[in-house]
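For reference, the structure is listed below as C-alpha cells.
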Amino acid sequence: MAVSDGTTMMVVKDMGLVTQVFNDYKLAGLLGYLAIGHTRYSTTGSSSWHNAQPMYRQAGGTEFAVGHNGNLTNTQELTASMAMLPGMATSDSDLIAELVARELDIAAGPAPNGVASLSAVLTEVLPRMKGAFSLVLADRCNLVGVRDPNGFRPLCLGKLDDGWVLASETPALDIVGAHFVREVEPGEVIVISADGCQSLRPWPPERVQPRLCLFEFVYLARPDSRLYGQELHAARVRMGELLADQAPAAADMVVGVPDSGLPAAEGYSRRSGIPYGHGLVKNRYIGRTFINPDPGQRALGVRRKLNPLRETIRAKRLIVVDDSIVRGTTTRAMVAMLREAGAKEVHLRISSPPYRWPCFYGLDTGTRAELIAADLEVGEICDYLGADSLAYLALEALKKATGVPSAGFCDACLTADYPVPVPTSLSKPGLEVSVGWRPGSRERDTLAAPFPRRAGPTQAGADQAGPGQAGAGAGAGAGASTGTDS
Ligand code: SF4
C-alpha cells in the first residue's frame with residue numbers, strides 16, 4: 001500500500017495475505033489523503049518481496065507508486081528499447097514503473113527543481129505498452145487509473161462524499177461506502193486531483209477494442225461484482241440454466257462446487273427441476289487451490305478445502321456443477337472424494353467451455369501441456385477424472401448467459417483467438433532468467449503433464465507460462481486498488 005499526505009509518500013508492502021501484512025498498528029502510521037493498494041497474484045516475475053506491489057520509484061522531482069493487474073506481452077521489446085540490463089526489472093509491473101520513472105526524469109529536464117507531471121508522462125508511455133493492464137498510480141497529489149485499450153481486466157470509478165475511489169471490482173466501493181459512478185472504459189485514463197476528476201484518451205480510437213476477460217464472468221470476479229452493467233451472480237445462474245438445457249442428466253441432486261460453482265448449480269437445479277443440495281462444505285480458511293503453483297499441493301488442497309456431506313450424498317446420483325476445469329487436478333480429487341463418501345454416480349457439468357489454451361493476459365493457468373483439455377476429447381477427460389459423464393457449456397451459451405452477448409470479450413483460452421499477439425518466448429520468469437532464476441522454485445514450463453496425453457503435434461501456437469495479478473483494498477478520501485480475488 002502507498003499513501004501520500006501531499007508532501008511525502010509512504011509505502012508498506014510484504015508477502016502474504018492482507019491480514020498478515022497489515023494490522024491496526026501499521027495502518028495507524030499510514031497517514032494521508034490518497035492511497036493505492038494491490039494484492040499481487042504472481043504471473044510474470046517470481047513470488048518475492050521485490051515483486052510485491054505497489055512498485056515505487058523516485059524520479060523527475062517527484063515520487064510515485066503503481067499497482068498493476070494484468071500482464072504485459074511486450075516486455076522484451078520494452079526492455080530492449082530502454083537498453084535495460086538483465087535483472088533491472090524483475091516483473092512486467094516493475095518494468096512499467098521503470099518506464100514511467102525514466103520518462104519522468106526526461107520530462108523534468110536537467111534543472112535541479114524540475115518536476116514532471118505523472119499524467120503527462122503517462123500519455124506518452126502507455127501507448128508503448130501491449131497486453132493487459134489495469135493500473136492505479138499515485139504521486140504525492142494525484143491518483144490515476146488506467147485501463148488498457150482492450151480492457152482485459154476491469155476497473156471502476158466510485159464517489160465518496162469527499163473523494164473518489166478506483167477499484168477492480170464494484171464490491172470494493174460498497175465496502176468503503178462509495179457509490180458506483182461507472183466502469184473505466186478500455187483505453188481511458190482517469191486523473192483524480194484536488195481539481196476533480198479528468199478523463200484522458202491516450203490511444204488512437206482504432207486501437208480501442210473492448211475484450212473483457214470472459215473468465216471474469218465465469219470465475220474470477222466476485223459474484224456481487226457488476227461488469228458490463230451485469231451482476232455476475234445472476235449471469236452465473238443463467239450459465240447453469242443453459243447448461244441444464246444443453247446437457248441434462250438423470251440424477252437425484254444437483255451439487256455446486258463452492259464457491260464459484262454454486263450460482264450455476266442453482267441455475268441448473270432450477271431449470272432441470274432436480275433438487276439442489278449442499279453436498280460439499282468449504283473450509284473458509286483455505287484459499288483458492290487454483291493459485292497454488294504446485295500441482296501436488298493443489299490436489300492436497302482440495303481435501304483441505306472441501307469436505308463432503310456424507311449423509312446428504314450417500315447412494316445418490318449427483319450432478320456436480322463447477323465453473324471450469326483447468327488442469328483437472330482438483331476436479332479428479334474431488335470426484336474421488338465424492339465416490340469415497342458414497343455417491344452412486346457423479347455427473348460433472350461445467351459452466352464454461354473446455355479451457356484449451358494458456359492465458360497471457362493475467363491468469364496463471366500454466367502451459368498447454370498442463371491444460372487437461374489441450375488435446376483430450378471430452379470423453380477422455382471424463383475417463384481421467386473418473387466421472388460418470390462430463391459436459392461443458394458451449395461458448396455461445398456462455399456469452400448469452402453474460403447478458404451482454406455482443407459486448408467485446410476475450411475468449412482466447414477457449415478458442416486460441418488472442419486479441420493481442422503473444423510472443424512464443426513469453427514466460428513467467430522471462431525477466432529474471434538471466435539473473436539467477438532457479439528452475440524448480442516457481443518454474444512451470446518444466447512440469448510434466450499430470451494426465452495421459454496424446455501423441456502428435458498438439459503444441460501449436462503459444463505454449464508458455466501465463467500471467468496475472470490480483471487484489472483488493474480501499475483508500476480513505478481518495479483511494480484505489482486493482483486486482484481480483486484469484
Ligand atoms: Fe480471460 Fe482466457 Fe482471455 Fe485470459 S485468455 S484474458 S483467462 S478469456
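When a ligand or atom number is given, it counts from 1 through the structure's own listing order. Below, all heavy atoms of this structure are taken into account, side chains as well, without hydrogens, waters or symmetry copies.
Near Leu363, with a cut-off below 4.0 Å to any heavy atom, the atoms of ligand 1 are 7 (S). Every atom of ligand 1 with a heavy atom of Cys213 under 4.0 Å away is listed here by number and element: 1 (Fe), 6 (S), 7 (S), 8 (S). Each of the atoms 8 (S) of ligand 1 lies under 4.0 Å from some heavy atom of Leu214.
Atom CD of Glu124 is surrounded by 12 or fewer heavy atoms from other residues, nucleotides or ligands within 6.0 Å. Other residues, nucleotides and ligands contribute more than 12 heavy atoms inside 6.0 Å of the NZ atom of Lys13. Within a 6.0 Å radius of NE2 in His278, no more than 12 heavy atoms belonging to other residues, nucleotides or ligands are found. Within 6.0 Å of NZ on Lys400 lie no more than 12 heavy atoms contributed by other residues, nucleotides or ligands.
Taking each heavy atom of Ala172 and Ala167 in turn, the nearest pair found is CB-CB, 3.7 Å.
Here the protein heavy atom with the shortest distance to atom 6 (S) of ligand 1 is Arg153 NH2, 3.3 Å. Ranking protein heavy atoms by distance to atom 4 (Fe) of ligand 1, first place goes to Cys359 SG, 2.3 Å.
With Tyr384 as the aromatic partner, Arg332 meets the cation-pi criteria of under 6.0 angstrom to the ring centre and within 45 degrees of the ring axis.
Coordination check, Cys410 versus atom 3 (Fe) of ligand 1: passed, since an N/O/S atom of the residue sits under 2.8 Å. Within the 2.8 Å limit, Cys413 places at least one N, O or S atom next to atom 2 (Fe) of ligand 1.
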